[in-house]
A.B. asks: 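One structure, as structure tokens, below. Some questions next.
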Amino acid sequence: MRGPMVRFLHSADWQLGMTRRWFSTESQARFTDDRFEAIANLLRAAADEGCAFVVVAGDVFETNQVSRATVSRAMDLLRASKVPVFLLPGNHDPLDAASVWRSAAFRDRKPPQVVLLDSPTPVTVVPGVEVVGAPWTSKRPLRDLAAAACEGLAPTPGIVRVLVAHGATDTLSPNPDDPARVIVSDLERALGDGRIRYVALGDRHSATDVGGGGRIRYSGAPEATDYDESAPGFALVCDVDETRCDVRPVRTGRWTFRRAEWALAGADDVERAAAELAAIPDKARTVFKATLRGTVTLAQKARLDAALAEAADTLGAFEQWERHTDLFVRADEQDVSSLPAEGFARRAAARLREEMDRGGDGARVAADALGLLLRLARREGGA
Amino acid sequence: MRLRRIRLRNWRGVEDREVSFAERGVTVVVGRNESGKTSLLEALDFLIEELDSAKSKRVLAVKPVHRDEGAEAEAEIECGGRTLVLRKRWHKKATTTLVVSGASSESLTGREAHERAAQIFGESADLELWSALRMAQGSEPGAPDLSSQRWLSQALDRAAGDAVTTDADTGLFAAAQAEHDRFWGATGPRKELTDLRTKRDALAADCARLREEIAAVERDVERAAALERELAAIGPKAAECAARLTKLAEDRRRIEGLEAAVRAAAARAELARQKRSGCEAALTTRRTLAEDASLRRSEVTTAEEESARTLSSATETAARLAAAESAAAAAARAFAEAREAASLADQDLDTLRAGLDRDQLRERLDRIVAAERLAEAAETIVAATRADDSRLAALRKAHEELLRASARLEAASATVRVAAERPAAVRVDGAERTVAAGATETLVVAGRAVVEVPGAVAVEVVAGSGAAAPRDAHESARRAFDQACVDCGVSSLEDAVRDNARLAEAKRAVEAKERVVRENARDLTRETIESKLASVTTRYERGLQGRGGARPLPPTFDDAQRALAAAKDRAIAAESESKSAAAALDAARRTDAAARADDARRSGRVDGLRAAADRADAALTAARAARSDEQLGDDLVAVTTEADDAARIQRDAAAALASAEPEKVAALFAAAQQEDAALRRRQEEARVEAGTIAGRLSARGEAGLAEALAAKEADLEAAASLLSSREAQAAAAKRLFDVLSAERDATRARYVAPWRDRIEALGRIVYGPAFRVAVAEDLSVESRTLGDVTVPFASLSGGAREQLGVIARLAAAQIVSPEGGVPVMLDDALGWSDETRLREMCALLGQAAKDAQVIVLTCVRDRYQAVPGASFASMD
């Protein structure tokens with residue numbers, strides 16, 4: 001008997017309650033709101049696309065210690081879903097003694113269409129369609145939970161099973177000693193013998209087709225969370241039966257995390273960097289991290305600082321990657337000769353310049369001091 | 001700026017007066033008091049400062065009192081390469097005219113003239129410096145205030161060799177100071193920085209607290225999982241333990257039954273053993289009774305025999321005792337007698353010793369007495385004899401002299417030989433002498449001699465004159481010889497020789513006495529010897545009396561000693577015998593007493609043994625009457641069989657119990673009980689702990705700790721970032737201010753140096769090479785040093801302050817002289833200086849004024865007479 005074709009929406013890693021500590025208060029508020037909005041988009045897409053249900057493959061919450069408000073807000077959103085939503089405890093929110101899933105906030109506010117996958121027991125969504133969860137019960141499981149969930153299953157003709165699991169796969173994990181790695185070959189065997197038809201994975205924030213077969217996938221996070229993610233901000237609409245597995249992404253997120261490395265060797269470079277910053281679209285939802293290298297004069301540094309300050313004011317967040325920043329500020333003759341003073345102030349400027357040239361801890365303070373002197377001179381001159 | 005001349009008209013009391021000034025050097029303006037000297041200065045000020053229309057109080061004050069005229073002043077001044085003639089009149093017909101000549105010529109009037117003049121002065125001259133270099137009459141003498149003198153400052157800047165300090169420098173300094181003061185107060189960072197740090201620290205503490213709370217939750221989670229695993233593991237273990245415990249309890253009950261059987265068999269066996277023991281004891285008792293009776297009878301017989309033996313023994317010992325007693329008495333007597341004999345022998349020996357002592361002592365005494373007597377006689381001789389060895393020698397010598405004198409006289413004298421044919425009586429010098437027949441009497445006549453044959457012849461022989469000297473010598477020798485005889489107490493040499501021999505003998509006798517006394521007295525005195533002699537004599541005599549003459553005294557001392565030794569030996573032998581006899585007596589007594597006691601004891605014992613034997617016989621008889629010996633034997637056989645049976649049953653029961661391993665079962669049971677209890681307890685504890693943790697987690701789990709921490713961390717990040725930025729700003733502001741301050745101070749130090757050098761160079765003219773001054777940044781003179789003595793300016797005398805004031809003004813004038821120089825104006829100065837100083841100051845003025853214009857106003861011309869090259873102008 002041939003099983004039914006089922007359409008569902010695959011998402012993961014909502015990580016509700018996530019904060020970015022380098023964000024300003026306003027940016028953080030916007031980021032939080034947009035992350036909830038991404039969930040709302042996702043649920044709307046599920047309804048619009050005619051999905052039978054939604055699976056969230058782990059890390060619904062950032063941690064088990066999220067606030068009651070975050071849980072409440074999430075449940076409130078889910079209440080609007082028109083289809084069942086299956087939530088899987090992941091490594092961020094395992095089903096341990098302090099689990100958010102055991103909290104009163106979740107128990108009391110959980111809408112009826114929300115199903116917690118708290119055991120590997122298959123749950124029938126509609127006749128012929130089952131969802132099997134591989135929930136995390138601790139932060140450090142000692143075996144491959146996906147494989148464990150498959151062990152109790154037998155190939156059942158006429159039933160499409162969707163395995164919902166979380167964690168790094170052995171093909172992608174950098175840690176070969178991790179006993180919880182998801183072994184792809186085992187999953188492929190389970191797929192091959194028909195115990196399952198699709199593996200909805202969570203943990204990796206970038207949408208990824210694991211193994212290339214199309215039936216083992218990471219959906220990626222619904223909203224970008226960091227610089228290293230590729231193609232975050234999507235959910236997957238999956239059409240699955242015994243013979244087919246069609247998957248297409250739908251956009252859910254709005255934020256962008258960008259990184260730039262600027263090698264600055266003169267006024268032109270500074271201007272280019274300033275122009276690049278100015279050209280960023282949707283600045284309020286862009287997080288930008290800049291690495292600065294090279295040598296600039298005090299005047300160029302002042303120009304750069306002004307551009308960076310403007311970026312910091314307008315971007316969702318602006319970071320200077322201090323660890324990788326290696327920007328040397330030097331004072332050139334023009335910096336000093338531009339001073340209107342001819343007496344001791346000029347000699348002081350020359351002395352600060354010498355201190356800058358000597359390098360060391362004092363050089364930076366000297367650069368700042370000389371920059372301040374030039375700024376004061378400009379202000380005095382303007383006054 | 002140089003002042004060429006000035007003219008006053010209708011100025012206070014001055015009607016019309018013009019004074020000209022030397023362009024370089026000193027111009028001394030001399031005038032009486034109130035001659036208008038000070039008005040010259042006043043007029044200069046008015047020309048520069050006051051509009052001709054001015055109606056101020058000080059302008060009105062210069063209007064002449066007795067004339068209705070406007071006060072008028074005119075000055076010719078060189079300034080900035082131009083020559084200005086400026087004239088103004090106030091009060092009436094107010095006028096201002098200015099004529100400028102030089103590179104270009106100008107002629108202006110009115111306000112235009114005033115303003116143009118002011119402009120030229122402002123550009124070319126330092127009017128403030130001019131004012132500062134003026135030393136006014138009656139003012140407190142002091143150094144000029146030069147702190148804001150532009151020309152002087154510029155001159156000093158140039159002298160310092162650096163670029164000038166511009167307004168831009170000072171403006172930047174002020175701005176940097178303001179920036180610095182934004183962040184730094186007098187004692188450290190300002191509140192903004194400290195508040196930021198406090199906030200950052202508080203947030204860091206909050207984060208740490210939240211992290212700790214989260215860590216506690218994590219620990220609880222871990223613990224809860226561990227407890228859950230533990231509880232899951234405990235379940236099967238507890239069930240297995242309970243089953244084991246049930247099985248062991250059954251075993252224990254079976255063992256308890258076996259133990260009861262063992263106990264019962266043991267009790268029965270014990271009872272049988274006791275009965276057998278009773279029978280055995282009864283038999284033993286019977287046997288003992290019979291043996292006892294028999295034994296006692298035989299004891300009686302033995303005792304009776306012994307008693308008979310001891311009685312005869314006692315009789316024998318009594319006889320031996322009597323014999324010993326008499327033997328002991330005889331020995332005692334013999335001992336007493338021997339002791340008496342020894343005592344007498346001892347006395348004899350003592351008496352004999354006393355006799356010997358007496359004889360010896362007496363002999364010694366006699367020798368001493370005899371020697372003493374001889375010595376006494378010899379001493380008499382010694383005392384009476386004068387012819388000792390020296391006197392005898394003298395006499396011999398005198399005798400020899402006399403013989404020699406006689407020989408010489410005889411040779412010189414006449415010799416008269418009277419030969420008698422028949423015996424004849426011849427008288428020579430009246431002395432009768434008879435000459436035998438055939439004899440010749442020879443006379444030697446030294447002087448005169450008369451030889452008479454009585455009745456017949458009288459021949460006078462007279463010696464010649466050659467005999468006179470020998471005669472005198474002979475006479476002298478004769479007298480010396482006679483005197484020596486007298487000294488020796490003799491009449492001739494022979495007597496003297498004899499006396500001398502006697503004297504020697506007597507002296508030897510005296511010496512012999514000492515020796516005899518020493519030898520005989522030895523360590524005693526004569527008195528002691530006499531006393532001892534008396535004592536031993538008495539002892540001897542008593543010894544003789546004591547003997548009573550019954551026995552003869554032994555003839556010699558040795559005999560007495562031998563007798564004593566023999567008597568002592570006899571006494572010792574007798575004593576020994578007496579002691580032996582006494583000991584034998586004691587032994588006999590003891591033996592006798594023992595024999596008698598033994599006899600008595602044995603008699604008593606025989607009586608006692610007889611009574612006991614009777615009692616034993618009675619007891620045995622009674623026992624046999626109760627149960628015969630045969631009956632007792634039968635009883636024992638029966639109970640022995642019973643006891644053996646009971647013992648066998650007991651062994652069987654014990655074997656059954658041992659095979660059930662009761663100790664092992666008990667140990668296993670106890671262990672199982674303990675394990676069961678421990679498992680239950682652990683289960684309970686784990687459940688309680690899990691419950692507690694669950695409660696804690698449900699309280700903490702919904703507190704949103706992680707979100708709270710993230711929010712705090714964001715706040716901390718922002719606060720730390722802001723702080724870091726502010727700190728960088730503050731550090732930059734501080735560094736900038738510090739560097740600017742340091743550079744400014746260095747500039748000032750360079751700037752002040754030429755000013756100080758100039759003052760010192762001028763001052764040395766007055767004060768000598770040891771003169772130094774300290775100059776502050778505002779160019780004021782702080783102190784003066786002469787040699788090792790430094791005095792603050794304010795503490796200097798009025799004269800010294802005034803002198804320094806003049807020196808400082810001249811120094812300033814010299815420094816600015818090349819371009820913006822102004823006249824130094826001293827109004828009635830140096831009134832405080834003594835004559836010596838005054839001369840030195842005059843020299844100084846002359847020197848300093850080579851490069852400057854100096855105008856001195858004074859009412860005492862003589863004061864400045866000594867200024868080299870000075871010009872004098874009179875106001876009178």
Side-chain angles (χ1 to χ4, degrees), chain A residues 17-25 28 61-71 92 94 96-100 102-106 137-140 339-352 355 362 364-373 375-377 379-381 383, chain B residues 157 162-173 175-176 179 214 217-218 220-225 228 690 693-694 697-698 700-711 713-718 721 728-729 731-748:
Chain A
M18 171 190 274
T19 54
R20 285 290 173 252
R21 67 171 183 278
W22 66 93
F23 281 13
S24 67
T25 312
Q28 179 64 51
F61 292 104
E62 171 71 359
T63 94
N64 271 333
Q65 271 79 53
V66 288
S67 70
R68 197 179 172 82
T70 299
V71 177
H92 278 243
D96 62 18
S99 179
V100 62
R102 298 186 198 279
S103 71
F106 175 70
T137 55
S138 79
K139 286 194 173 169
R140 285 177 297 280
L339 269 181
E342 294 168 355
F344 64 82
R346 176 160 295 182
R347 283 194 296 282
R351 187 161 149 191
L352 289 170
E355 287 179 15
R364 187 168 165 182
V365 176
D368 288 350
L370 187 50
L372 173 62
L373 181 62
R375 208 159 53 244
L376 291 175
R379 196 181 71 194
E380 293 286 300
Chain B
D157 281 336
D162 284 316
V164 291
T165 296
T166 62
D167 289 345
D169 288 300
T170 44
L172 275 174
F173 183 82
E179 192 69 12
I214 289 169
V217 169
E218 299 287 345
D220 274 352
V221 167
E222 297 276 341
R223 184 68 191 143
E228 200 175 327
I693 289 172
L697 285 176
S698 83
R700 266 185 179 154
E702 295 180 46
L705 289 172
E707 270 188 281
L709 172 62
E713 280 177 340
D715 289 350
L716 174 61
E717 180 91 8
S721 164
Q729 283 177 14
K734 186 167 193 329
R735 185 68 200 133
L736 176 60
F737 180 65
D738 288 349
V739 172
L740 279 172
S741 299
E743 290 297 337
R744 189 192 62 170
D745 292 349
T747 302
R748 281 192 169 169

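Labels below follow one simple rule: chain letters A, B, ... track the order of the sequence lines, proteins then strands, and each chain is numbered from 1. Owing to the predicted nature of the structure, the values given are computational and were not obtained by experimental measurement.
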A.B. asks: Please rank B:Ala175, B:Ala224, B:Ser698 by heavy-atom pairs under 4.5 Å with chain A and give me the top one.
C.D. replies: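 Heavy-atom pairs under 4.5 Å are most numerous for B:Ala175.
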A.B. asks: Looking only at heavy atoms, what is the nearest atom pair of B:Asp169 and A:Phe344, with distance?
C.D. replies: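 Looking at all heavy atoms of both residues, the shortest contact is OD1-N, 3.5 Å.
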A.B. asks: Can you tell me which portion of A:Arg68 sits under 4.5 Å from chain B's heavy atoms? Options are side chain, backbone, both or neither.
C.D. replies: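 Contact with chain B: backbone and side chain both.
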A.B. asks: Please round to the nearest 0.5 Å and tell me the distance separating atom OG1 of B:Thr747 and atom CZ of A:Arg347.
C.D. replies: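 That separation rounds to 3.5 Å.
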A.B. asks: What part of B:Leu736 is in contact with chain A, defined as an atom under 4.5 angstrom from a non-hydrogen atom: side chain, backbone, both or neither?
C.D. replies: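 It is both, since atoms from each part get that close.
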A.B. asks: Tell me, side chain or backbone of A:Glu355 under 4.5 Å from chain B's heavy atoms, or both, or neither?
C.D. replies: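 Only the side chain of A:Glu355 comes within 4.5 Å of chain B.
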A.B. asks: Given heavy-atom pairs under 4.5 angstrom as the criterion, report whether the side chain, backbone, both or neither of B:Ala694 touches chain A.
C.D. replies: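 Neither part; nothing is under 4.5 Å.
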A.B. asks: Where on A:Ala104 is there a heavy atom nearer than 4.5 Å to chain B: the side chain, the backbone, both, or neither?
C.D. replies: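 For A:Ala104, backbone and side chain are both near chain B.
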A.B. asks: Compare every heavy atom of A:Thr63 with every heavy atom of B:Ala706, then report the nearest pair and how far apart it is.
C.D. replies: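 Between these two residues, the closest heavy atoms are CB-OG1, 3.2 Å.
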A.B. asks: Examine whether an atom of B:Ala225 lies under 4.5 Å from a heavy atom of chain A, and if so say whether it belongs to the side chain, the backbone or both; otherwise answer neither.
C.D. replies: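 Contact with chain A: none, neither part.
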A.B. asks: Tell me the closest heavy-atom pair linking A:Arg351 and B:Ala742, and the distance in Å.
C.D. replies: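 What the structure gives for the nearest pair is NH1-CB, 3.6 Å.
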A.B. asks: Name the region of A:Leu339, side chain, backbone, both or neither, that has any atom closer than 4.5 Å to a heavy atom of chain B.
C.D. replies: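 Just its side chain gets close to chain B.
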A.B. asks: Can you see which heavy atom on A:Ala345 is nearest to which on B:Leu740, and at what distance?
C.D. replies: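 Heavy-atom minimum between the residues: CA-CD2, 3.6 Å.
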A.B. asks: Hey, which of A:Val71, A:Asn64, A:Val365 has the most heavy atom pairs under 4.5 Å with chain B?
C.D. replies: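 Sorted descending by pairs with chain B, the first entry is A:Val365.
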A.B. asks: Supply the atom-to-atom distance B:Glu222 CD to A:Lys139 NZ, rounded to the nearest 0.5 angstrom.
C.D. replies: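 Output value for this atom pair is 9.0 Å.
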A.B. asks: Indicate the atoms forming the closest heavy-atom contact of B:Ala710 with A:Thr19, along with that distance.
C.D. replies: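 Where B:Ala710 meets A:Thr19 most closely, the heavy atoms are CB-OG1, 2.5 Å.
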A.B. asks: In terms of heavy-atom pairs under 4.5 Å with chain B, which of A:Asp368, A:Thr137, A:Leu376 leads?
C.D. replies: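 Looking at each of A:Asp368, A:Thr137, A:Leu376 in turn, A:Leu376 comes out on top.
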A.B. asks: Which heavy atom of A:Ala369 sits nearest to which heavy atom of B:Ala732, and what is that distance?
C.D. replies: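 Of all heavy-atom pairs spanning A:Ala369 and B:Ala732, the closest is CB-O, 3.4 Å.
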A.B. asks: With a 4.5 angstrom heavy-atom cut-off, which part of B:Glu228 approaches chain A: side chain, backbone, both or neither?
C.D. replies: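 Neither; nothing under 4.5 Å.
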A.B. asks: Does atom CZ of A:Arg364 have more than 12 heavy-atom neighbours, drawn from other residues, nucleotides or ligands, at distances under 6.0 Å?
C.D. replies: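 Atom CZ in A:Arg364 is not crowded, with 12 or fewer foreign heavy atoms closer than 6.0 Å.
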A.B. asks: Measure from the side-chain N and O atoms of B:Glu707 to the backbone N and O of A:Ser67, and report whether any donor-acceptor pair falls under 3.5 Å.
C.D. replies: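 Yes: the side chain of B:Glu707 pairs with the backbone of A:Ser67.
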A.B. asks: Please classify the contact of A:Arg140 with chain B as side chain, backbone, both or neither, using a heavy-atom distance under 4.5 Å.
C.D. replies: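 The side chain, not the backbone.
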